[in-house]
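These figures come from a predicted structure and were not determined experimentally. In the text below, chain A, chain B and the rest are named by the order of the sequence lines, each starting its count at 1.
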Amino acid sequence: MKHKVSLTINGKGREDEVEARLLLVHYLRDVAGLTGTHIGCDTSQCGACTILLDGKAVKSCTLFAVQGDGHDVKTIEGMAASDGTLHPIQQAFWDEHGLQCGYCTPGFIMAAAYLLDRNPDPSDEEIRKGLEGNLCRCTGYVNIVKAVQSAAQTMGRDQARPQPAATGE
Amino acid sequence: MALTTMIGARIHRREDPRLVSGRGRYADDFIRPQTAFMAVVRSPFAHARITSIDAAAAKAAPGVVAVYTAADFEAVVAGAMPVAPAFVAEKKQAPDRYPIAKSEACYQGEPVAVVIAETRYQAADAAALVDVEWEPLPAVMDMEKAMEPGSPAAHEGAAEGNVAWDLTYNADAEAAFAEAEVVVKQRILQQRLAPTPMEGRGVLAEWHATDRTMTMWMSSQNPHFIRLFVGGAMSIPESRFRVISPDVGGGFGSKISPYPEDYLVPGASKLLGRPIKWSETRTENLQNATHGRGQIFDVELAGNRDGTMLGLKLTQYLDCGAYVGTFSAFQACACLLPGPYNWKQVASRTVGVLTNKVPTDPYRGAGRPEATHLVERMVDLFTQEIGADPAEVRNKNFIQPDQFPFTNPFGLIYDSGNYPGTLARALEMAGYADVRREQEAARARGRYLGIGISTWIEICGFGPSAATAPATGGLALTESAHVRVFPTGSVNVYVGTHSHGQGHDTTFPQIVADTLGVPYDMVDLHHGDTAEGPAFGYGTYGSRSLAVGGLAVLKASQRVRDKAKKLAAHLFEAAEEDVVFDQGHFYVKGSPENRKAMAEIAFASYGANLPEGHELGLEAVAYFDPPNFVWPFGAHVCVVEVDPETGSVDMLKYVAVDDCGNVINPMIVEGQLHGGIAQGIAQALFEEVVYDDDGTLKTGTLLDYAMPTANEMPPLSLDSTVTPSPSNELGVKGIGEAGTIAASAAVINAITDALSPLGIKHIDMPASPDRLWKQMHEERAYSAQGATADLGGGGSEQAQPQAGGTATTPVPGGLGEGGTQEGTGGGTPPPGQAGPQQGNNQEGSR
Ligand code: FES
Ligand code: FES
């Protein structure tokens, strides 16, 4: 039996008929075609599938698509501005070499967005603690922590100013 | 743009904008019209005979299109999977491995059938309905028992003792041992590890029956290799077989060799005439992707009381698993055993043993971390024995900078090095003398501080073909590049290496931009598609991309430049010798004001009125076969404190000073070191693949396999020295595996040093709180009251966990330090028990 879901993904409304057991992460990837949200495990350890659901970071492999019904979803594809300007966290991951293979990166960026939303000025330890639901095999986390620190600074500055600072390569 | 402005520059990575935007293209992101999905039915037993397979229920399940077994695949896939025949002369047995088991399964997870259905979920559902009747056979799980006479066989028909190979490299170290005043002996274990790239494997294959072409999208470190072997097994010529592997979510060695599914997915596509897709689950990955390490070493070191090290001899027992992996033999680490030291003699024997586990194959470092770990451990054991300082003993025995090129006892030639230089810098950064004083003071207060040194070298940059081809059955491990300059001056570069995190999209164009003198932004790199670029490449592993592939890129660029120069001479109506190439421009000696940019030459090269004999166009292909290996090196220093009550390790400092010759992009080198060191630390402290006695994998999820989170990783202090390699024009070496090669020894030496007052001389990995706690208490049992005081008196009694059971895991933070279990390093549960804290403070999770 199929169930109707209607949700907002990255600002756009969408309706689909889905099986009750379809995981939200498979819905996003296979139905909505948003392949930026990744899958790295079967047991909700890795955080590669992290998205924002009503502004809160969730692991989209732990929810069914039907549980997304009526909610607002943001995925990595929705982070940059409509003109393509990267979100300060995306920019910071780029600037600080916070990624290598990039597979974990969307999940880390979404988790960091939620972390900085709750704690705009986290310490090194708070960042490490705040991201412990995400695994990275490539970076040793060194530059991921740096990226989040640097994003926090940029976002703090941006708060004080009307427009985001454009930072080039 | 000036020449040599790009090489050496800290340029941000080109690949990142797409990767941070969710626009990467990983294997599971691809889909074709009409795709059906594959699920694999696997052996639940480590060793069993297949009596019968009944697929009726599965075939009747909703959405199922087909169920195939070995008999079905015979029509489209032929032959056994490849094994590099290193040690052919001495090889005893390498059982044939087929993509799908016919009558006997030899490890848990081995494929026995596949189900194809309209959706992933339907395929998974129906796979559970395939009824396989099994006759379990005895599982051979313990390498040492496997070698005993009368042991069950890992394969039906395996020769007595299950030995795959038994090879002696250098038999003799007797003279060195005869003259030595001191001999130290130790058994050193290397636990099995799971490479665990964050992206598992995945394959989508599409057979076009009309034009008889196969296209495969997959997650691979070397697409040309897959094309060679899978195309060969399917009798599809390379010209009609295309492998595409654009973005890959990490490999670490586990995506080099062809896997059963790499044959089964295209095989099923050919049988069914539809695109077929299979995406590995994490449990499948932990169970079926090749493991690394899994070795036992019996080692002896001979030396004199003045600190001179004379001889080393060892036997390596290597757990091959159920089959000899394609590059399994590369894990035999003899070539690197001498390390950075000037020994009189080194003797080594390697024994490969078949067991009923998934095959081992290279994992980041492949043989070199094992070699470094054992040598560095032995140096410390020797140092402890003679009561000397570990830094001094290393300095005393180093090959000195003026001794290069240096031929080691195995006949390998070290290209260049300054071993005392990196050690001196690392000791300085760590504040070695101060830390030793602190350690003294801490010990007086009953605290256990330790300092560990690991001075490592690495052999990398495979080829050279003269050395590798005999070991690989003719695979030369050369590398290729194709550089194309378009009429308006933009440049495409195609390479046979494969980037899966190493940043080649950035670094290779840096080389090209400098060589051609064109702006960096005009140069783009393409890799990971066998339909583009040179006919063949060997892919990325063994820290070879820059030292081999980078040189192919340089050579191809130079050919293009030389061609352009010829044309420039014609355009200037000058002799070629009189044409100067400078800062991306050509001019005639003496008239730099009248100059032409590379783009102008490019345009002319596709135009009219070219001189007779001048080849049209501006592009070139080059292959590079290195004359020697390259030999990076460095020194890592780690400072730890061990909690005597809980056995938990607090990493206080980690310093790494490395030398990989000239550097193209220091940012990327640092990143490689960070990740490599993290994997080495993870082996030292957390990770271990565990099978039970029946061959069931106990670490089959990330809940059980203890990959560290950000919480468990210390901050790192890095520095470097630069000793160019004389073996190649760029003066480069390799750095992809260095961190992993160095780190485990630094950490374990630090922990051993910390606990040396308790009489502890050696600790095996992973040094989990569980293992350390037990070892400290065993030591205490031996050494009576003195040590009781050392262990913090009454506190240690409290720390006694539930006695009797095997799960003697102390509970960190539960020993009178209430509430500290959330602090970094204070609360690291051992692997196999709870895994590092992978908390879920994210709402909606679990
Ligand atoms: S895929 Fe969701 S946590 Fe791993
Ligand atoms: S960048 Fe590869 S897993 Fe994080």
J.: Should B:M713 and A:V145 count as side-chain neighbours, where that means a heavy-atom distance under 4.5 Å?
T.: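 No, side chains not in contact.
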J.: If you count heavy-atom pairs under 4.5 Å with chain B, which of A:D124, A:D30, A:L86, A:L115 comes out on top?
T.: A:D30
J.: Checking B:N285 against chain A: side chain, backbone, both or neither under 4.5 Å from a heavy atom?
T.: neither
J.: Return the minimal non-hydrogen interatomic distance between B:H674 and A:N143, and the atom names on each side.
T.: CE1-OD1, 3.5 Å
J.: Answer with side chain, backbone, both or neither: which region of A:L23 has an atom nearer than 4.5 Å to a non-hydrogen atom of chain B?
T.: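 The answer is both parts of A:L23.
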J.: Please name the pair of heavy atoms, one in A:C101 and one in B:G250, separated by the smallest distance, quoted to 0.1 Å.
T.: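 Heavy-atom minimum between the residues: CB-N, 3.4 Å.
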J.: Heavy-atom pairs under 4.5 Å with chain A are the metric here; pick the option from B:R18, B:R25, B:R120 that has the most.
T.: B:R120
J.: Taking atom CZ of B:R282 and atom SG of A:C61, what is their separation to the nearest 0.5 Å?
T.: 12.0 Å
J.: To the nearest 0.5 Å, what is the distance between OG1 on B:T709 and NZ on A:K129?
T.: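 Here the rounded value is 8.0 Å.
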J.: Sort out for me which of B:P715, B:G676, B:G671 touches chain A most, counting heavy-atom pairs under 4.5 Å.
T.: B:G671
J.: On a heavy-atom basis, which atom in A:C46 and which in B:M198 lie closest, and how many Å separate them?
T.: CB-CE, 3.5 Å
J.: On a heavy-atom basis, which atom in A:G140 and which in B:A678 lie closest, and how many Å separate them?
T.: CA-CB, 3.4 Å
J.: Examine whether an atom of A:H87 lies under 4.5 Å from a heavy atom of chain B, and if so say whether it belongs to the side chain, the backbone or both; otherwise answer neither.
T.: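 Nothing of A:H87, per the 4.5 Å heavy-atom cut-off to chain B.
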J.: Which heavy atom of A:Q45 sits nearest to which heavy atom of B:L703, and what is that distance?
T.: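 Looking at all heavy atoms of both residues, the shortest contact is NE2-CD1, 2.9 Å.
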J.: Taking every heavy-atom pair that is under 4.5 Å apart, which of B:T701, B:T281, B:L286 has the most such pairs with chain A?
T.: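 Option with the top pair count is B:T281.
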J.: Quick one: what part of B:D29 sits under 4.5 Å from any heavy atom of chain A, side chain, backbone, both or neither?
T.: both
J.: Measuring from atom CD of A:E19 to atom OG1 of B:T119, what distance do you get when rounded to the nearest 0.5 angstrom?
T.: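 Here the interatomic distance stands at 6.5 Å.
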J.: Which is it for A:Q100 and B:Q672 under the side-chain contact (heavy atoms from CB on, under 4.5 Å) test, yes or no, and what are the steps along the way?
T.: CA-CA 8 Å; A:Q100 290 179 30; B:Q672 287 294 315; 3.5 Å; yes
J.: Can you tell whether the side chains of A:R137 and B:E687 come within less than 4.0 Å, N to carboxylate O?
T.: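 Answer for the salt bridge query: yes.
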J.: Name the region of B:I681, side chain, backbone, both or neither, that has any atom closer than 4.5 Å to a heavy atom of chain A.
T.: neither
J.: Do the side chain of A:Q90 and the main chain of B:V20 share a donor and acceptor less than 3.5 angstrom apart?
T.: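 Yes, because the side chain of A:Q90 sits within donor-acceptor range (under 3.5 Å) of the backbone of B:V20.
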J.: Quick one: do B:T283 and A:D42 satisfy side-chain contact (heavy atoms from CB on, under 4.5 Å)? Show the steps, please.
T.: CA-CA 7 Å; B:T283 292; A:D42 321 324; 3.1 Å; yes
J.: Any idea which of A:V142, A:I144, A:I39, A:L53 has the most non-hydrogen atom pairs under 4.5 angstrom with chain B?
T.: A:V142
J.: Spell out, as yes or no, whether a donor-acceptor pair under 3.5 Å connects the side chain of A:Y141 to the backbone of B:P708.
T.: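 Answer holds: yes.
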J.: Which answer fits A:T105, side chain, backbone, both or neither, if we ask what part of it has an atom under 4.5 Å from a heavy atom of chain B?
T.: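 The side chain, not the backbone.
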J.: Hey, can you tell me if A:W94 and B:H12 have their rings parallel, tilted or perpendicular (30° and 60° cut-offs)?
T.: tilted
J.: How close do A:C138 and B:F252 get, counting heavy atoms only, and between which atoms?
T.: SG-CZ, 3.8 Å
J.: To the closest 0.5 Å, what do you measure between CZ (A:R21) and OH (B:Y121)?
T.: 7.5 Å
J.: Let me know which of A:R128, A:E132, A:E125 forms a side chain to side chain donor-acceptor pair (under 3.5 Å) with B:N711.
T.: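 Result for side chain to side chain donor-acceptor pair (under 3.5 Å) with B:N711: A:E132.
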J.: Do the side chains of A:E77 and B:R23 get nearer than 4.5 Å, heavy atoms only?
T.: yes
